[in-house]
Amino acid sequence: MEKVRLGDVANEVGKKAGDAFKIAKEMGLNVKTASSSITMEEAGWLLEYMTTGVNPIPARQQETNKKPKKGTKTTNTDAKADTKIETKVTKEKASKKEKQVEPKQPKQEKKTKKEKVAGEEVATQDSKETLQSPAPTEPKKGLRIVRKNKSPEPEPKKEESKKPTLSYKELLADSADEEYKKHKKEKPKSKVAHKHTDQKMNILDDRDIAFDYDDEQDEIMLFDLNETQVRDEEEENQIRQAITERVHIHRKNPWMNEGSIKRGGKRRKPIKTSKNVDKIKGPISIPEEIRVYEFAEIIKAELKDVIKVLFNLGVMATKNDFLDRDAIEILSEEFELEVSIEDTQTRDIIESPANENLAEFERPPVVTIMGHVDHGKTSLLDYIRNSRVASGEAGGITQHIGAYMVEKNGKKISFIDTPGHEAFTQMRSRGAQVTDIAIIVIAADDGVKQQTIEALNHAKAANVQIIIAMNKMDKENANPDKLKAECAELGFTPNEWGGEYEFIPISAKNGDGVEHLLETILIQAEVLELKAPRQGQTKAIVLEASLEKGRGPVATIIVQSGVLKLGDSIVADTAFGRVRALLDDRGENITELYPSGVAVVTGLSLVPQAGTTLLSVENDSVAREYAQKRALYLRQKELSKSTKVTFDELGEMVAQGNLKTLPLIIKADTQGSLEAIKANVEKLSNDEVRVNVIGFGVGGISESDISLCATSDNSVILGFNVRPTGSVKAKAKELGVEIKTYSVIYSLFDDIKALLGGLMSPVIEEENTGQAEVRETFNIPKVGTIAGCMVVDGSIQRGIKVRLIRDGVVVHTGAIISLKRFKDDVKEVSKGYECGIMLENYNDIKIGDVFETYKEIAKNKTL
Ligand SMILES: Nc1nc2c(ncn2[C@@H]2O[C@H](COP(=O)(O)OP(=O)(O)OP(=O)(O)O)[C@@H](O)[C@H]2O)c(=O)[nH]1
């Protein structure tokens, strides 16, 4: 009789021989030591007991009692009570056994080769001891693996042919699914060779009485594994789906490609930092202006790792260079950190403690209108403005100040009139920062377009309330349903479809729906419960700023908290001063400006940048002190930018030092054009040459710009509507600094594009012929203004083209209609001589202005 060691049985269920011995003892089996052997039948019982915790012996004995051969043992009532199933199964089995002797015959005949071999190996088994076997020469095969949803009593034939056979060991293997699949494919032959396996199979096979029961157990076990697998797969699929969606959104989000550093392309592997262990887990606060080494210190990373990451992103930085917002965000992503960027601009100004716990008052909502080109943003803004005039709610609009307020049902709404052109995305992005509600204008005849997606994503990222204005509804081909479907696809589901977005049909042309839109804005504003204090320090945001004739620097601002009054001492970054005048959107003088109110403020010393925070401070000296501190800081920052790349610090990256950069300094007449130029030239970077804006500002080209340019290799200065004069020009010449000036933004872009593509071609260029300074002006009635000048450079000719430059900014371009030496008309006046100049159709000439004459000639482009 085939016997098996306790240790082998124990092995089947991952237990020790000692455990099996104890259990075998408990069961009453005849074992003496842990290395004793037991019969195959006993092994089956033992295995069953060890896996189910139910002692099968009494049940089997009871079963045996029913048979004439056996029946000596009494039934164990405990077992009966404990295991209903078992009893039932046993009964079924008993009857099955009696009835199914015949059907089992053909089944066994059809056994696979392997099974037959297995059978042969146990053929010597004592038939008296095997409870099931009416034909001991045809032993049963081992454990069958079946699917749970299959009939518990499957057709024997099918079962034989389809179901794979596995050992317990195999069942319990880690990679259950893999194994399962493997076994399914494996030919039975291959198993025959494993005698051990066959033995195991027979052990299980011999548990004849509980055969069906065991099968059920096995079923459950297998199925559990299977279910886990299914669940895992589902989970995996969900995760995969989520990632795909995120990537999808990411790709659709053009904001991810904004900024000085390209963010597209494949996600990099997480950075292997030298000190990954020390990596900070929680969110950290990073000041907006931070040097590379300071950043490394804060995030507890090695300086060289930070520099390396920047280098890989195409930024050659030294440890002293400042990081911009984009760079901080990208670095945080690369180092897998959660950061919040602090506004350092206001950090140094200690906000009055009285600002806390101040009573808050309702304030009007601030609305920004965004959308794709030609979808009707301007038309809508105009309609709202004009309808206000028409309805007589307020006076006529005379000024375009970049923002205005309208009244509806006795409540005010502030609109930020941001330019809709793509080139002004930077400005728009700032607009949304002060925005409470974004109106996304979508032409119903055109649907969602690229800039619509940008606008939607931007508004969403800024966490502002979004209202979708379906414009051009008056058009025949307006298709609001298509528009809604497109928005829903992007995650902006309309209210009526169960989403959270209001879609208002309007026509900016005839005004249909505009009132409804304004009402919706007010309703949303109510929900938002917009409030701000009216006491304490005033905080406002500069929306636009420029240098204006006769008024000096002017800034359109929107108040966020407090009330700005005439005469208040103010500071906006490096600009400071006193509120000299406050003009509302109708050009009327006002004395105070409440939260959400928009106005033009004059009295600042410099033109602040759009997006700058303007604050009221105790007095002028505080304002001056703060502004000077900021100026010093920014100067340092500028200097740090011009630092030559120390390749030593870049270590192993030297080898890749073939990255070419084009350092540029950009000066423009207004903040808007500066932003647009800066953003766009940076985008012109290609694989070979990267544009690096090392300096920029509003206003004329200064000597410090020349110095900055001179310290950077291959750097040039680009001026838009600004010209270098006098000493600046001389310094540029002296230091060999190239200055390129433009009056058409696209010519500037074209030049840079051509330069980066190595496609410089001959063009018509200007040649400066002379400069004259205005020393005196004479207003002659019916004739005009004659400027008494001194020629300071070259010569001045009559009829030549001329630019009138004031404070470095071009204020007029035209021609010299009259040139006199004393009372005589002359053709030309040379350097060092005085002359009288009159311009064609232009009389606004002031002392200190500079005339610059030029000729247009064909030249090869060089930079
Ligand atoms: N039929 C119809 N035409 C409209 C409507 N709104 C705007 N338009 C026309 O659409 C064109 C573009 O309108 P704008 O208001 O200039 O569009 P925009 O979005 O401000 O365009 P950009 O300033 O170029 O970004 C103009 O010809 C408008 O007259 C409307 O409701 N119905």
Side-chain angles (χ1 to χ4, degrees), residues 254-255 258 367-390 397 399-404 406 413-432 435 437-459 466-484 486-487 492 502-521 543-544 556 585 610 670-673 675-677 679-680 683 744-746 749:
W255 301 96
E258 291 278 321
V367 179
T368 299
I369 296 183
M370 298 195 270
H372 193 70
V373 174
D374 279 353
H375 276 199
K377 299 174 292 295
T378 315
S379 305
L380 177 60
L381 278 161
D382 286 349
Y383 185 87
I384 293 169
R385 243 194 320 214
N386 296 335
S387 67
R388 187 174 67 149
V389 178
I397 310 297
Q399 295 275 311
H400 170 85
I401 64 163
Y404 61 84
V406 300
I413 304 169
S414 286
F415 279 92
I416 294 177
D417 184 1
T418 49
H421 196 277
E422 197 265 336
F424 291 85
T425 37
Q426 293 273 347
M427 285 279 292
R428 206 168 55 184
S429 75
R430 286 198 166 125
T435 300
I437 298 166
I439 309 280
I440 311 294
V441 176
I442 311 176
D445 61 335
D446 202 17
V448 170
K449 290 278 168 270
Q450 182 57 30
Q451 283 172 313
T452 316
I453 300 171
E454 282 177 28
L456 284 166
N457 285 336
H458 183 68
I466 295 170
I467 299 173
I468 288 152
M470 302 189 289
N471 193 30
K472 306 196 185 183
M473 287 297 287
D474 58 289
K475 283 196 157 184
E476 263 180 28
N477 56 343
N479 191 347
D481 285 336
K482 179 178 157 266
L483 187 160
K484 286 180 194 168
E486 286 168 348
C487 287
F492 298 89
E502 288 279 0
F503 281 63
I504 317 287
I506 61 156
S507 167
K509 194 179 177 187
N510 60 30
D512 287 350
V514 175
E515 292 306 309
H516 182 204
L517 179 68
L518 295 176
E519 277 158 20
T520 311
I521 293 171
L543 298 174
E544 272 183 24
T556 300
D585 52 358
T670 65
Q671 192 62 39
S673 30
E675 296 278 352
I677 295 166
N680 282 282
K683 274 193 217 159
V744 180
I745 207 162
Y746 292 106
F749 294 155

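What you are looking at is a predicted structure, and each value in this text was computed from that prediction instead of being measured. In each ligand, atom 1 is the first atom listed, and ligand 1 is the first ligand listed.
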* Counterpart residues, salt bridge (Lys or Arg N to Asp or Glu O under 4.0 Å), relative to Lys482 (two or more places apart) ->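 By the salt bridge (Lys or Arg N to Asp or Glu O under 4.0 Å) rule, Lys482 matches Glu486.
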Are any of the N or O atoms of [X] closer than 3.5 Å to those of ligand 1?
X	answer
Ala508	yes
Lys377	yes
Gly376	yes

Show the nearest heavy-atom pair for residues [X] and [Y], with the distance to one decimal.
X	Y	value
Arg385	Asp382	NH2-OD1, 3.0 Å
Gly511	Tyr383	CA-CZ, 3.2 Å
His375	Gly447	CE1-O, 3.2 Å
Ile466	Leu456	CD1-O, 4.1 Å

* **Proximal candidate to atom 3 (N) of ligand 1 [heavy atom criterion; set Lys472, Glu476, Met473, His375]** =>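 Result: the heavy atom closest to atom 3 (N) of ligand 1 is in Lys472.
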* If you measure from atom 15 (O) of ligand 1 to every heavy atom of Gly511, Ala469, Ser379, which option wins on shortest distance? -> Ser379
* **Residue of the set Leu380, Thr368, Val406 for which side chain to side chain contact (heavy atoms under 4.5 Å, CB included) holds with Phe415** =>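 The single option meeting the side chain to side chain contact (heavy atoms under 4.5 Å, CB included) with Phe415 is Val406.
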Please identify which atoms of ligand 1 are closer than 4.0 Å to at least one heavy atom of [X].
X	value
Thr378	15 (O), 18 (P), 20 (O), 23 (O)
His372	19 (O)
Lys475	1 (N)

* **Atom pair CG (Asp512) and CD1 (Ile506), whose distance is rounded to the nearest 0.5 Å** => 9.5 Å
* Structure fact -> Going by the 4.0 angstrom heavy-atom rule, the piece of Asp474 near ligand 1 is side chain
